[in-house]
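What follows is one structure encoded as structure tokens, with my remarks underneath.
The basis for the numbers below is simple: all heavy atoms, side chains too, and nothing from hydrogens, waters or symmetry mates. It should be emphasised that the depicted structure is a prediction, and the values quoted were computed from it without experimental measurement. Just so we're on the same page: letters track the sequence lines, and every chain starts at 1.
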Amino acid sequence: MKLTQTFKAVATAGTLSLLMSTAASAVTLQLHNGGDPGSLDPHKVSGDWENRVVGDYIEGLVTDNAAAEPIPGQAESWEVSEDGLTYTFKLRDDIFWTDGEPVTAEDFEFAFQRLMDPATASEYAYLQYPIKNAEAINSGEITDFSQLGVKAIDDKTLEITLEQPTPFFIEALTHYTAFPVPKHLVEEHGDQWTSVENIAGNGPYEIVEWIPGSYVRSEKNEEYYDAENVQIDEVYYHVLEDQAAALNRYRAGEFDILTDFPSDQYAWMQENLPGQAQVDPFLGIYYYVMNQEQPPFDDVRVREALSISILRDVIGPDILGTGELPAYGWVPPGTGNYVEDAYMPEWAEMPYEERVARAQELLTEAGYGPDNPLTVQLRYNTNDNHQRIAVALAAMWEPLGVNVELFNAEVAVHYDALRAGDFQLGRAGWLLDYNDPSNTLDLLKTGVDQGGEMNWGNNYGRYSNEEFDSLMAQAATEQDLDARAELLAQAEEIAMDEFAAIPIYWYVSKNVVSPSISGFEDNAKDIHRTRWLSKTEE
Amino acid sequence: MLGYAARRVLSAIPIALIAVTVCFFVLRLAPGGPFDGERALPPTVLANLRAHYNLDQPLVVQYFIYLGRLLQGDLGPSMVIDGFNVSQLIAIGFPFTLTMAMTAFVIATLIGVLAGMIAAVNQNKWPDYMLVLTVMIGVVIPNFLMAALLQLWFGVYLGWLPAGGWVNGSWLHLVLPVTVLAWPHAARISRLMRGSMIEVLGTNYVRTARSKGLGQRLVMARHAIKPALLPVVSYLGPGLSYLLTGSLAVEQVFGLPGIGKYFVTAALNRDYGIVLGTTILYMFIILALNLIVDLVYAWLDPKVRYR
């Protein structure tokens with residue numbers, strides 16, 4: 001009897017201790033995520049802070065590994081037809097929504113149709129325009145959604161047909177616009193399917209709480225096919241846009257990862273938090289646009305003079321303090337599907353004094369000098385770094401006799417002016433949506449005539465060159481990746497030799513990662529899914 | 001008094017309508033729109049979004065659509081925070097802002113009145129000088145700087161209090177934000193109370209009361225506090241509305257889910273629905289507080305008559 005009681009007591013104590021140790025060992029990641037998510041619906045989001053949450057709770061056919069390279073996600077494999085137009089995906093058997101329903105090919109078909117439905121008004125729908133009839137459906141030209149090139153062959157087989165071969169299509173499928181949505185929940189709850197009481201995902205985490213203005217919280221999805229390798233049990237995605245406050249909270253031990261930090265604190269962090277502040281190349285370009293529809297920037301000599309007289313080497317290390325690399329070309333280094341040698345103009349190698357002298361000559365030739373000084377208005381949106389750079393550039397142009405009037409506006413007003421062509425010189429930036437040179441080069445394509453009015457899209461400077469456009473069109477249909485890269489490189493050279501815009505620097509990602517976190521790999525997309533991270537309690 | 005209150009409430013309706021109308025049109029006529037971000041959207045997508053939010057309708061039609069919804073108690077959708085409508089966001093953010101502001105209000109009022117009285121009684125002595133110094137700190141240091149300094153000292157260096165956030169809602173998370181909010185208000189109230197109390201203590205009826213042999217405490221309690229509170233009460237209404245509407249910097253630095261942050265972010269993003277919704281809420285608060293202050297003022301000072 002005593003022995004039985006002893007066994008029972010030991011067993012109970014053991015169970016309790018196991019339970020307690022499990023509870024105690026629950027690993028929580030406190031992630032400083034920056035902005036407030038506008039939505040958790042993959043068809044409604046548009047920012048990297050939203051991608052961090054959405055990419056943890058929903059997974060597409062293809063997903064990101066720790067280095068943000070595409071790997072099989074909900075699809076275990078795929079085949080591509082010889083003509084590069086048809087992709088056939090085989091879904092995994094063990095994939096479920098967190099409400100227990102199986103994930104089927106029909107969920108994907110439904111999701112792509114919903115993405116392209118004009119009524120969904122998805123901002124980033126155009127990223128999946130390579131899919132057959134996608135653009136026509138999104139624009140309302142085709143109203144029969146079954147014409148979309150996405151078909152569920154059976155529960156576990158999905159076929160996607162493209163308009164034309166697209167080398168970056170697999171990469172584009174890692175984007176949240178290609179994520180599935182639970183058809184049964186969207187049909188039942190409409191747009192409210194992402195409210196916390198209704199939401200279900202198929203990724204490594206499930207959303208359990210959302211306090212706008214404060215945080216989103218998710219917990220590990222035990223039904224995820226790779227759950228056994230997921231180390232973090234719970235994630236808080238904290239909303240906090242004040243970077244200095246975020247750094248204070250990191251120092252107080254309240255955050256494990258900061259996804260941005262104040263540039264002027266970088267030197268301090270290198271000294272006081274050695275190895276924790278990580279600044280790495282990031283696929284993005286910071287540049288200035290010149291309105292080429294009007295004088296003086298319709299004159300290539302003026303564009304050249306302003307571009308070559310910028311001392312780019314001091315901007316990253318000295319003005320910003322975070323070491324952004326100077327940019328002389330248009331396609332960021334490290335971009336996939338591209339040539340190995342980056343574009344580098346001859347003038348980049350010239351001593352700076354010679355460049356300034358050359359710039360002065362060019363301005364004189366263009367008719368500007370002491371008697372007729374060049375005066376330009378430079379617009380930038382509200383941000384300390386944008387202001388610092390604008391002031392520095394104005395100082396660099398002063399020796400040329402160029403008078404710069406700085407004009408600052410909030411972001412909506414700034415971009416409204418750029419789009420309307422109501423500017424002379426303006427600051428802009430572009431972070432790549434997918435790792436392909438076409439994503440940046442497309443910014444320089446001639447606008448499209450729509451009902452007698454030109455739509456210039458993101459080509460704010462209204463740069464237009466027939467040869468450039470022709471090379472881009474040829475590249476779009478070229479199936480040979482090397483030949484395509486050559487065509488795109490030629491296009492870049494033409495645009496840069498004509499000073500289509502003024503590249504300033506290549507963006508860097510700025511993260512601060514606690515020594516307790518492992519698995520945070522630097523990558524050019526700055527995507528770090530929680531699935532690959534682990535945390536040791538200090 | 002009830003009739004007076006009813007008249008005030010009724011007169012607020014046209015004021016509210018004018019304010020909503022002005023706010024609606026000023027906001028729409030401002031350059032930039034809710035979809036003017038860093039990236040130009042394809043025209044088809046932009047057209048879809050504009051149609052979705054009725055922005056493709058003439059401005060006057062949009063105005064009447066908005067008014068029609070408003071009369072049914074619907075503040076409409078947010079154009080940027082897609083997961084929630086404006087009413088839901090207010091329902092989440094406002095209770096938090098209210099809790100924080102009311103806590104700061106009560107603490108600031110109690111400390112301010114008490115400190116003002118102590119300073120007045122000890123005019124030009126060390127407690128008075130201490131008060132002046134404290135007031136100076138509270139008024140001179142802007143609240144975003146105060147927030148950052150307190151966060152650094154008590155959150156990072158000393159580790160006594162959470163440096164921010166509202167995870168699990170512990171009252172400890174409120175200590176620093178409420179201190180930042182309450183300090184300048186306590187400072188202003190104490191200054192008002194001090195001046196007012198010194199004035200009252202010099203009046204004839206207080207001298208008479210003293211000459212009758214009443215002690216300092218009884219003089220203060222029976223004759224001085226009530227009249228000395230009048231300027232403080234006048235300040236409390238605007239003070240509370242400022243606490244409710246002006247907590248933005250505190251919410252930003254401490255990462256709190258209050259409504260002030262929504263308001264400013266929405267204004268910058270041209271999120272028309274949230275800006276109008278929060279404006280209506282703030283307007284309601286200000287009108288209500290002004291009414292309450294007028295009624296309390298009349299109760300404190302019988303010379304004030306309702307008309």
If you count heavy-atom pairs under 4.5 Å between each of [options] and chain B, which one has the most?
{"options": "A:Lys44, A:Glu135, A:Arg419", "answer": "A:Arg419"}
{"options": "A:Val45, A:Ile211, A:Leu431, A:Asp117", "answer": "A:Leu431"}
{"options": "A:Ser139, A:Ala121, A:Ala245, A:Pro212", "answer": "A:Pro212"}
{"options": "A:Asn381, A:Val413, A:Asn459", "answer": "A:Val413"}

Heavy atoms from other residues, nucleotides or ligands near CZ of B:Phe154 exceed 12 (cutoff 6.0 Å):
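Open.
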Tell me if the CH2 atom of B:Trp153 is crowded by more than 12 foreign heavy atoms within 6.0 Å.
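No - once you tally the heavy atoms of other residues, nucleotides and ligands closer than 6.0 Å, there are 12 at most.
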Once rounded to the nearest 0.5 Å, what's the spacing between atom [atom1] of [X] and atom [atom2] of [Y]?
{"X": "B:Asn85", "Y": "A:Gln192", "atom1": "CG", "atom2": "CD", "answer": "7.5 Å"}
{"X": "A:Asn248", "Y": "B:Leu150", "atom1": "CG", "atom2": "CG", "answer": "11.0 Å"}
{"X": "A:Asp191", "Y": "B:His52", "atom1": "CG", "atom2": "NE2", "answer": "6.0 Å"}

Specify the closest pair of heavy atoms between B:Val156 and A:Arg251, including all atoms of both residues, with the distance to one decimal.
CG1-CB, 3.8 Å
Heavy atoms of B:Gln252 and A:Asp242 approach each other most closely as O-CB, 3.9 Å
Using the test ring pair (Phe, Tyr, Trp, His ring centres under 6.0 Å), find all partners of A:Phe423 that sit at least two apart in sequence or belong to another chain.
none
Taking only residues two or more places apart in sequence or in another chain, which ones pass ring pair (Phe, Tyr, Trp, His ring centres under 6.0 Å) with A:Phe407?
none
Checking [X] against chain B: side chain, backbone, both or neither under 4.5 Å from a heavy atom?
{"X": "A:Tyr124", "value": "side chain"}
{"X": "A:Ser122", "value": "backbone"}
{"X": "A:Trp456", "value": "neither"}
{"X": "A:Asn458", "value": "both"}
{"X": "A:Ser195", "value": "neither"}
{"X": "A:Ala119", "value": "backbone"}
{"X": "A:Leu443", "value": "neither"}

Leading residue by heavy atom contact count with chain A [cutoff under 4.5 Å; candidates [options]]:
{"options": "B:Gly258, B:Ala148, B:Ala47, B:Gly165", "answer": "B:Gly165"}
{"options": "B:Val253, B:Leu46, B:Thr265", "answer": "B:Val253"}
{"options": "B:Gly155, B:Gly32, B:Gly164, B:Pro31", "answer": "B:Gly164"}

[X] portion near chain A, given a 4.5 angstrom heavy-atom threshold:
{"X": "B:Pro162", "value": "both"}
{"X": "B:Ala267", "value": "backbone"}
{"X": "B:Tyr262", "value": "side chain"}
{"X": "B:Phe144", "value": "neither"}

Donor-acceptor contact below 3.5 Å, side chain A:Glu254 vs main chain B:Ala163
yes
For chain A, which residues of residues 277-288 of chain B have at least one non-hydrogen atom nearer than 4.5 Å to it?
none
Among residues 88-104 of chain B, those lying within the under-4.5 Å heavy-atom range of chain A are B:Gln88, B:Leu89, B:Ile92
